[in-house]
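Have a look at the structure below, then the notes.
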Amino acid sequence: MTAQARYNGRDSFEEWQKTWQLEDRYNFRTIEKKWQKIWEDEKTYHVEIDRSKPKFYALVEFPYPSGQGLHVGHPRSYTALDIIARKKRMQGFNVLYPMGFDSFGLPAENYAVKTGIHPAVSTAQNIENYTRQLKSLGFSFDWDRAVNTSSPEYYKWTQWMFLELYKHGLAYKDKIAINWCPACKVGLANEEVVGGHCERCGAEVVRKNKEQWMIAITKYADRLIDDLKDLDFIESVKTQQINWIGRSEGAELDFAFEDDKLTVFTTRPDTAFGVTYMVLAPEHAFVEKYMNRFENQAEIKAYIEKAAKKSDLERTADDSKTGVELKGVKAKNPYTGEEIAVFISDYVLTGYGTGAIMAVPAHDSRDYAFAKIFNLPIVPVLEGGDIEIEAFEGDGLHINSGFLNGLNKTDGMNKAIEYAVQHGFGRPKVNFKLRDWVFSRQRYWGEPIPMVYCEKCGWQPIDEKDLPLKLPMVSDFLPNDEGESPLAKATDWVNTTCPKCGGHARRETDVMPNWAGSSWYFLRYTDPKNDEVFASKEALKYWMNVDWYNGGMEHVTLHLLYSRFWHKFLYDCGYVPTSEPYQKRTAHGMILASNGEKMSKSRGNVVNPDEIVENYGADTFRLYEMFIGPFDQAASWSDESLMGVYRFTSKVYGLFKKVYKNEDVPTSADDLRAMHRCILDVTERIDQMKFNTAVSALMTYVNYLSNMKMIPAQMYEVLLKLLSPFAPHLAEEMWARLGYSDLIVLQSWPEGDKKLADSEVVTIAVQINGKMRGTIECAKDADDETVKQKALALDNVARQTSQSEIKKIIVVKNRIVNIVV
RNA sequence: GCGGACGUGGCGAAAUUGGCAGACGCGCCAGACUUAGGAUCUGGUGCCGAAAGGCGUGCGGGUUCAAGUCCCUCCGUCCGCACCA
């Protein structure tokens, strides 16, 4: 149908008006369901590779389908990228905007323990419920591409990728002290320990030695930092990644210790002349090895035992330093030849550097605190600071430092390392806080690790053709106190044959962590049904990278780091075409309850999205979440503000009565200005994620239209197009009522004209000595002299300038005149 | 302790990045129409003041013709990390 068709055969406004009997209220319940069905039936948002168009891949973090259903926080992110996706579509891009479910995880398993309902059953129900809720909000997801990490078709490839990691030597088994949650009975990655407590249940985490599958993410540490510089990530995300990886450049130095070498890592080799003692972590190998040489063995053993019992939290919560001297032994400073005392103390960590330090109390606050307690010498080797008060950690010129004297920090460091290398007792060294990724979980509801253990052949990967290795059905989901996975009880499944020798072997009973499936899901979206490969080269080449990825700040250290690593590994193997998965990453703020607290079931302040959709409609809900405040900041829910947006949608609906054909195109300069201003503002603000002010711009425009007697059709059509990414159902409905038979979401995005958007007459503020005294109306870009004369002619100005001398007049074009007297 | 973000009406917030502070919305006040329903419409609304006018962006200072915006000191809030040598 063409534009002409819409007023067919009618020539008076009144007559035209009669053709649409508007209900008094905007009936969103019927309207929204109607359009959702049409979009679904017509597969409006389904995409395929189309080389005639530029592609755009918009991604949001897929949810864990919890039993509580969708949280009002989820749609904030989904709506934001839905708006971006819809706008890009209207701008001619081939847009991939997919959704799926990260469906392995602890809650489903805990629920199973409590109720006996199998995780597979509850997960399927929850996914169904989430899908219904998401569809009720009118997102433009391509549902044909939905993925589900707990389906065998999906985790087949997660397992396959694990095998690739194993074959490339990046997955290995190691007995290490892991973070153990005694309540969940599960090993946790460092990333899952928050302030010494289990991220999930809050119980205090203890250390426990266990054999675990590890992934050598540290091999990628440098690249994970360095490659950030070419990415369009918000600064806070980059900073968090960098801090988490924690690169420190320094040196390793060997100190003579008995007839052995005691190696330390330091970032300040320049302060080596100020070393007055050394400290080992209580777990350091030398303590055990040389125990019989120490004079105070009983005291040392008692200290080690005490330290072992302390959790990390206890160790760090108490920053008063404790320790024991290893009496009877000395170390030798390689720079000075001086003999120094050696201590053990739990302020030195076993897992970082070499587990031993050289202590420079004059220039390190921790060493300083320790030296004060144990009355050890404090020798300053840099000028500046006062060691009577505190350690001096700043820069200065070296003193008491032999050949380093007179050098500053940087020069001193270079020289000190150079000297150590020449004399064979040291070398430059880079250390990272990042540890290898603990990849085993003693749990049921996760991807089985496709490895078997044979007495003869050791750990063996299962054959690729046997993938997926399906998770067996069990009915008892409790791990035992030894921390063995529930899978250990499925003996039929556990006992198998060795792929190498054919003899008896046992399957790995630990499963993968939740982070595994989410490390590559964005790749699967490009080709979700493929059962030959995880995604075809063609699909990956066309769709990757993700152009814009939005998610929560809570995932920017863990998930983002893991998935970047995982992707880089696949890139190195030649399976994906790009070395980074996400070109742009943004983050949204949380939605809090009205009192500013987090929403939670226990607090009873949870807002249910279903109720909002039922009572106000999806469009109002979407608009409200965008209007609530700056997108990247936390915002509190408010029912009253929601009403304001509801009024707005009703107004848009009501305006239809005034749309009239004889005024098809706006002619007055004011009308044109209002329209083009709105186009430019909304367009720009969507790109910048300033959704709250984009909605404001729409409101301003609607207020303008409300004040018109009749609305030229084009002005209303532009409103609908600009509104359609935010409130797609309403826009679609009114578009259809205008007489169009094709969908508004397939129309092209309006072009704003900057010239028409600007006024020919500008209001210029007039100031005297920086204080506002009045305003004048001038033609746009009027020359300074005209503006000056007009300003001076103002009553208010004339009165004040007559009494004093004008020193200077500053004219800022189209903005302001400031008269200095 | 370290790192980051931030502090603007009664409230959520805007401010073209140095140029009329408070757009837009909530709430509130007044009026209209109605008085069966979170109603709708019109106008007003930073503070003090009857008015002229004055004062206003956490506090104090500075730069500038001009500061919410830039610089320095302090205070406060939130979020990360937390003995990483």
Side-chain angles (χ1 to χ4, degrees), chain A residues 24-25 194-196 235-236 239-240 242-244 246-248 250 264-269 271 279 312-313 315-321 345-349 351-360 363-367 369-370 431-435 553-554 556-557 589-590 594 596 615-616 623-624 627-630 632-648 650-651 654 681 684 690 692-703 706 763-775 807-821:
Chain A
D24 281 347
R25 281 172 68 138
V194 179
E235 220 36 54
S236 59
T239 310
Q240 278 206 37
I242 291 167
N243 289 346
W244 190 265
R247 175 157 66 190
S248 321
V264 300
F265 172 72
T266 178
T267 52
R268 295 295 305 277
T271 61
V279 189
D312 274 2
L313 184 66
R315 281 196 186 190
T316 54
D318 182 10
D319 45 335
S320 68
K321 307 274 184 285
S345 170
D346 62 11
Y347 87 88
V348 173
L349 308 171
Y352 184 76
T354 63
I357 60 152
M358 60 176 218
V360 187
H363 302 290
D364 182 286
S365 57
R366 296 151 304 177
D367 298 345
F370 190 84
N431 255 324
F432 298 93
K433 282 190 216 177
L434 184 71
R435 312 292 156 82
M553 265 325 264
E554 69 275 18
V556 301
T557 36
M590 272 200 291
S594 52
N615 294 329
Y616 302 93
L623 275 162
Y624 171 64
F627 189 59
I628 193 167
D632 57 353
Q633 278 167 44
S636 300
W637 187 267
S638 155
D639 284 334
E640 288 79 25
S641 294
L642 184 70
M643 272 310 292
V645 178
Y646 179 75
R647 277 178 208 134
F648 169 74
S650 305
K651 244 186 198 173
D681 283 349
E684 190 182 301
K690 292 183 173 179
N692 54 335
T693 54
V695 176
S696 301
L698 289 168
M699 286 173 165
T700 305
Y701 184 50
V702 163
N703 289 343
S706 308
T763 310
I764 294 176
V766 180
Q767 300 181 330
I768 294 177
N769 288 344
K771 282 196 191 272
M772 249 282 282
R773 293 297 167 197
T775 56
K807 280 194 189 146
K808 201 167 20 162
I809 300 179
I810 291 138
V811 181
V812 180
K813 236 186 187 44
N814 302 330
R815 293 269 149 82
I816 213 162
V817 180
N818 194 7
I819 301 163
V820 188
V821 298

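A, B, ... follow the sequence lines: proteins, then strands. Residue 1 opens every chain.
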Euclidean distance for [atom1], [N] against [M] (whole angstrom):
{"N": "B:rA36", "M": "B:rG27", "atom1": "C1'", "answer": "25 Å"}
{"N": "B:rA5", "M": "B:rG60", "atom1": "P", "answer": "25 Å"}
{"N": "B:rC71", "M": "B:rA21", "atom1": "P", "answer": "22 Å"}
{"N": "B:rU63", "M": "B:rG43", "atom1": "C1'", "answer": "44 Å"}
{"N": "B:rC28", "M": "B:rG10", "atom1": "C1'", "answer": "8 Å"}
{"N": "B:rU8", "M": "B:rG3", "atom1": "C1'", "answer": "26 Å"}
{"N": "B:rA14", "M": "B:rU35", "atom1": "C1'", "answer": "38 Å"}
{"N": "B:rC74", "M": "B:rG80", "atom1": "P", "answer": "26 Å"}

### Task
When you get a sec, tell me which of B:rC83, B:rC41, B:rG38 is the closest nucleotide to the side chain of A:K651?
B:rC41
## Note on the structure
Picking from B:rC24, B:rA85, B:rA14, the nucleotide nearest the side-chain atoms of A:N703 would be B:rC24
### Paired nucleotide for B:rC6 [Watson-Crick or G-U wobble; both distances under 3.5 Å]
B:rG76
### Message
Under a 3.5 Å cut-off for both contacts, is B:rG27 paired Watson-Crick or G-U wobble with anything, and if yes, with which nucleotide?
### Response
B:rU45
### Message
Counting primed atoms plus P, OP1 and OP2 as sugar-phosphate and everything else as base, spell out the protein contacts along nucleotides 15-22 of chain B at 4.0 Å heavy-atom distance: B, S or - for each nucleotide, 5' to 3'.
### Response
SB--BB--
### Query
Could one point to a donor on the side chain of A:Y616 or the base of B:rG38 with an acceptor on the other under 3.5 Å away?
yes
### Task
Check if the side chain of A:K321 and the base of B:rC83 share a donor-acceptor pair of N or O atoms closer than 3.5 Å.
yes
### Query
Between A:N703 and A:K651, is any side-chain donor less than 3.5 angstrom from a side-chain acceptor?
yes
### Task
In sequence, state the C-alpha distance, the side-chain angles, and the governing distance for A:F648 and A:L698, and then conclude on side chain to side chain contact (heavy atoms under 4.5 Å, CB included).
CA-CA 9 Å; A:F648 169 74; A:L698 289 168; 3.9 Å; yes
#### Entry: 5′-ward residue of the pair A:A356/A:Q240 relative to RNA chain B
A:Q240
## Note on the structure
B:rU35 glycosidic conformation (syn if within 90° of 0, otherwise anti) is anti
### Task
Identify whether the glycosidic angle of B:rG9 places it syn (within 90° of 0) or anti.
syn
### Message
Considering only residues two or more places apart or on different chains, which pairs with a residue in residues 807-821 of chain A satisfy salt bridge (Lys or Arg N to Asp or Glu O under 4.0 Å)?
### Response
A:D784-A:K813
### Message
Looking at A:Y352, I'd like to know whether one of its side-chain N or O atoms comes within less than 4.0 Å of OP1 or OP2 on B:rA85.
### Response
yes
### Query
Would you say a side-chain N or O of A:R647 is under 4.0 Å from OP1 or OP2 of B:rU40?
yes
### Query
About how many Å separate CE of A:M699 and OG of A:S706, when rounded to the nearest 0.5 Å?
11.5 Å
### Task
With the side chain counted from C-beta on, respond yes when A:V820 and A:N769 share a heavy-atom pair under 4.5 Å apart, and no when they do not.
yes
### Query
For the residue pair A:F370 and A:Y347, does the interplanar ring angle fall in the parallel (under 30°), tilted (30 to 60°) or perpendicular (over 60°) class?
tilted
### Query
Rounded to the nearest Å, what distance is computed from the CD1 atom of residue A:I809 to the P atom of nucleotide B:rA66?
15 Å
### Message
Between A:T693 and A:K690 (side chain of the first, backbone of the second, donor and acceptor by atom type, cut-off under 3.5 Å), is there such a pair?
### Response
yes
